[in-house]
Amino acid sequence: GLSYPRDVAFNSTGQLFSVGGYNPMAMYSVASDGTPTLFASQAAAAGFTSIAFVYQDTAHVGGSNNTLYTINTAGTATFYLGQQVTDLV
């Protein structure tokens with residue numbers, strides 16, 4: 001049920017999330033039985049490729065078009081940085 005899954009991460013409460021997709025880029029919450037539910041998406045001719053949770057469970061999500069987005073706990077994706085992100089450690 002996931003579109004082009006690329007990376008997974010757990011938030012502070014142990015909820016699993018997966019990112020991937022290709023126009024739109026998508027972030028899914030994944031239930032314990034493996035069922036995905038769309039959590040956030042962003043229209044772009046690229047895909048989300050990486051995810052990391054930071055302060056207050058805000059997610060930083062990298063895109064294959066060298067961009068970085070933040071996704072808040074309400075599922076709102078916001079453009080953060082573009083064309084300068086080459087590697088996230």
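The shown structure was predicted, so the numbers you read here are calculated from the model rather than taken from an experiment.
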Next on the checklist: To the closest 0.5 Å, what do you measure between OH (Tyr28) and CG (Leu16)?
Outcome noted: 13.5 Å

Checklist entry - Going by heavy atoms in the side chains, are Ser18 and Met27 under 4.5 Å from each other? => result no

Next on the checklist: Below 30° counts as parallel, above 60° as perpendicular, anything between as tilted: where do the rings of Phe17 and Phe39 land?
Outcome noted: perpendicular

Item to check | Side chain to side chain, Phe79 and Gln42, heavy atoms closer than 4.5 Å | outcome: no

Checklist entry - Hey, mind stepping through Leu68 and His60 against side chain to side chain contact (heavy atoms under 4.5 Å, CB included) and telling me if it holds? => result CA-CA 7 Å; Leu68 182 64; His60 282 182; 4.2 Å; yes

Checklist entry - Are Phe10 and Val8 connected, step by step, through hydrophobic side chains (Ile, Leu, Val, Met, Phe, Trp, Tyr) whose heavy atoms are closer than 4.5 Å? => result yes

Checklist outcome for this item: Closest heavy-atom pair, Thr67 versus Tyr69, reported as atoms and distance to 0.1 Å, is OG1-CE1, 3.2 Å

Item to check | Closest approach of Ser29 to Gln15 (non-hydrogen atoms, all atoms of both residues) | outcome: CB-NE2, 3.9 Å

Item to check | Apart from Val54 itself, residues in the same hydrophobic cluster as defined by side-chain heavy atoms under 4.5 Å | outcome: none

Checklist outcome for this item: When every non-hydrogen atom of Leu38 is compared with those of Ala26, the smallest separation belongs to CD1-CB, 3.8 Å

Checklist entry - Quick one: does Asp57's side chain have a donor or acceptor within less than 3.5 Å of a partner on Ser12's backbone? => result yes

Checklist entry - Is there a path from Phe53 to Val30 through hydrophobic residues (I, L, V, M, F, W, Y) whose side chains come within less than 4.5 Å of each other? => result no

Item to check | Any side-chain heavy-atom pair of Asp7 and Thr49 under 4.5 Å | outcome: no

Side-chain donor/acceptor pairs under 3.5 Å, residues 71-78, sequence neighbours excluded:
unit_1: Asn72; atom_1: OD1; unit_2: Ala74; atom_2: N; d: 2.9
unit_1: Asn72; atom_1: OD1; unit_2: Gly75; atom_2: N; d: 3.1
unit_1: Asn72; atom_1: OD1; unit_2: Thr76; atom_2: N; d: 3.0

